[in-house]
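Predicted model, so just to flag it, every value in this text is computed and none were measured. Just the heavy atoms: all of them, side chains too, but no hydrogens, waters or symmetry mates, feed the values below. One-based numbering along the sequence shown.
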Amino acid sequence: MAPLTAEGVLAKLQLLSASQEISILKLSEPISAAITQLQNPHQRTSDISTSSLDATTPSSLEADLTHYRELFAKLRFSYVEQVTKEKFIRAIVGDPPLIVSPQENVDLEKENLEAKATLKALKTEVADMVAELEGKAKELSRKYEKVQVETVKLEELPGKIAELENAIADLKEAQAVGLDSNPELNLPLAKTLDLVESKKRQRAELDRQLEQLQSQVPRKKKELDRLQAELQPLETKRQNSMAAAKEAKRRKEAALGGIEDDLEERGRWFRAAEAGLKQVLELKS
């Protein structure tokens with residue numbers, strides 16, 4: 001059996017929707033038909049007329065149900081009243097008159113009690129059945145609404161699948177073009193995830209080191225300020241010393257003129273002679 005596709009499921013749902021019209025109007029057709037047949041065209045309709053059945057909704061059906069329950073209760077009371085009067089009149093004017101004995105009243109009371117008990121049991125059963133039907137109807141309504149939403153999503157699904165397939169094709173093409181540019185981009189999924197975890201750990205380690213260094217910044221800054229404060233007098237002293245040395249050299253050159261070169265040469269000769277004499281004296285001794 002071939003696997004179901006999104007197009008196949010959507011086609012089946014559309015076929016079911018077209019062949020089976022799910023509408024709450026179907027529930028009111030038997031009632032509206034009976035009312036139309038029994039109603040006198042010249043008679044004034046009730047407050048909830050049959051025109052409301054043309055646009056039946058759950059709320060209007062509930063209102064109709066409440067209205068007809070009250071109407072049937074009134075009609076039942078009127079019917080019982082009319083039947084009782086009719087029987088009473090027939091019992092009076094009958095020939096011979098109908099005389100009911102006490103025993104017949106007792107038997108009739110028993111029959112009434114049994115009929116009431118049976119009617120009560122039937123009413124309870126009907127109420128339970130109605131509650132069960134209401135629960136199932138609400139559940140079916142929720143399922144139907146869910147199916148409608150899922151159908152809309154299913155209609156959008158082929159377009160999204162086509163977009164994803166185009167995106168995959170573009171990614172494959174881009175990957176084929178830049179296959180040798182970066183080997184890490186061509187790793188399989190498992191190795192890619194491992195690489196991502198490794199990069200995350202490295203980043204966490206760098207963040208930790210950066211946090212430690214940032215915590216040391218205030219202390220290092222204070223130490224730098226202290227060293228700069230200590231270095232400032234020394235720098236001033238060095239500059240003063242260099243200025244004094246330059247000034248002394250300038251004065252010496254100005255005082256000696258060109259003699260300093262001769263003096264330097266003579267000094268080297270005297271040192272060499274002194275070294276030679278020391279060696280001679282050491283050899284003699």
Side-chain angles (χ1 to χ4, degrees), residues 5-6 145-146 149-150 152-285:
T5 60
E145 292 177 356
K146 184 178 179 181
V149 174
E150 295 295 334
V152 174
K153 292 182 179 179
L154 193 60
E155 291 176 353
E156 299 174 354
L157 191 59
K160 292 182 179 179
I161 291 176
E163 293 179 0
L164 290 175
E165 290 177 349
N166 294 332
I168 291 172
D170 295 339
L171 290 174
K172 287 182 177 180
E173 183 179 357
Q175 184 180 10
V177 172
L179 188 61
D180 299 330
S181 61
N182 189 354
E184 292 182 353
L185 297 177
N186 302 320
L187 295 175
L189 181 59
K191 292 185 178 181
T192 302
L193 294 176
D194 294 338
L195 181 61
V196 170
E197 291 297 328
S198 176
K199 296 296 183 182
K200 286 183 179 180
R201 288 193 296 269
Q202 292 179 4
R203 188 182 67 179
E205 180 64 21
L206 291 175
D207 291 341
R208 185 184 63 81
Q209 294 179 3
L210 180 61
E211 187 177 356
Q212 291 179 353
L213 292 176
Q214 286 179 349
S215 63
Q216 295 176 3
V217 168
R219 181 172 59 82
K220 295 294 183 181
K221 188 175 181 180
K222 291 181 181 178
E223 186 176 355
L224 178 62
D225 294 339
R226 180 179 60 80
L227 293 176
Q228 287 179 350
E230 294 178 357
L231 184 62
Q232 188 66 32
L234 296 176
E235 182 67 21
T236 304
K237 187 176 180 180
R238 184 182 69 82
Q239 292 177 358
N240 294 334
S241 298
M242 289 179 64
K246 289 180 181 179
E247 182 65 22
K249 184 177 180 181
R250 187 186 63 77
R251 288 180 180 179
K252 183 179 180 181
E253 291 175 353
L256 297 177
I259 304 176
E260 62 178 7
D261 295 336
D262 187 32
L263 290 177
E264 185 176 357
E265 185 177 355
R266 291 171 63 185
R268 287 198 298 270
W269 185 85
F270 284 132
R271 285 195 294 271
E274 181 183 5
L277 290 174
K278 286 182 178 180
Q279 291 179 0
V280 171
L281 291 175
E282 288 178 357
L283 291 174
K284 287 183 178 181
S285 60

Nearest-0.5 Å distance that lies between atom [atom1] in [X] and atom [atom2] in [Y]:
{"X": "Glu150", "Y": "Leu157", "atom1": "CD", "atom2": "CG", "result": "10.5 Å"}
{"X": "Asn240", "Y": "Glu235", "atom1": "CG", "atom2": "CD", "result": "10.0 Å"}
{"X": "Leu227", "Y": "Lys222", "atom1": "CG", "atom2": "NZ", "result": "14.5 Å"}
{"X": "Glu165", "Y": "Ile168", "atom1": "CD", "atom2": "CD1", "result": "7.0 Å"}
{"X": "Leu224", "Y": "Lys220", "atom1": "CG", "atom2": "NZ", "result": "10.5 Å"}
{"X": "Leu206", "Y": "Leu210", "atom1": "CG", "atom2": "CG", "result": "8.5 Å"}

Inset, instruction - Using atom types as modelled and distance alone, determine if a side-chain donor or acceptor of Ser198 lies under 3.5 Å from a backbone N or O of Asp194. - result: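 Not at all, since once roles are kept as given, no pair shorter than 3.5 Å links the two residues.
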Just so I know, are the side chains of [X] and [Y] near enough to count as touching, which here means a heavy-atom distance under 4.5 Å?
{"X": "Gln209", "Y": "Glu205", "value": "yes"}
{"X": "Glu223", "Y": "Arg226", "value": "yes"}
{"X": "Leu195", "Y": "Lys199", "value": "yes"}

Inset, instruction - Say whether Gln216 and Gln212, considering side chains only, have a donor N or O and an acceptor N or O under 3.5 Å apart. - result: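 Not at all, the side chains of Gln216 and Gln212 share no donor-acceptor pair under 3.5 Å.
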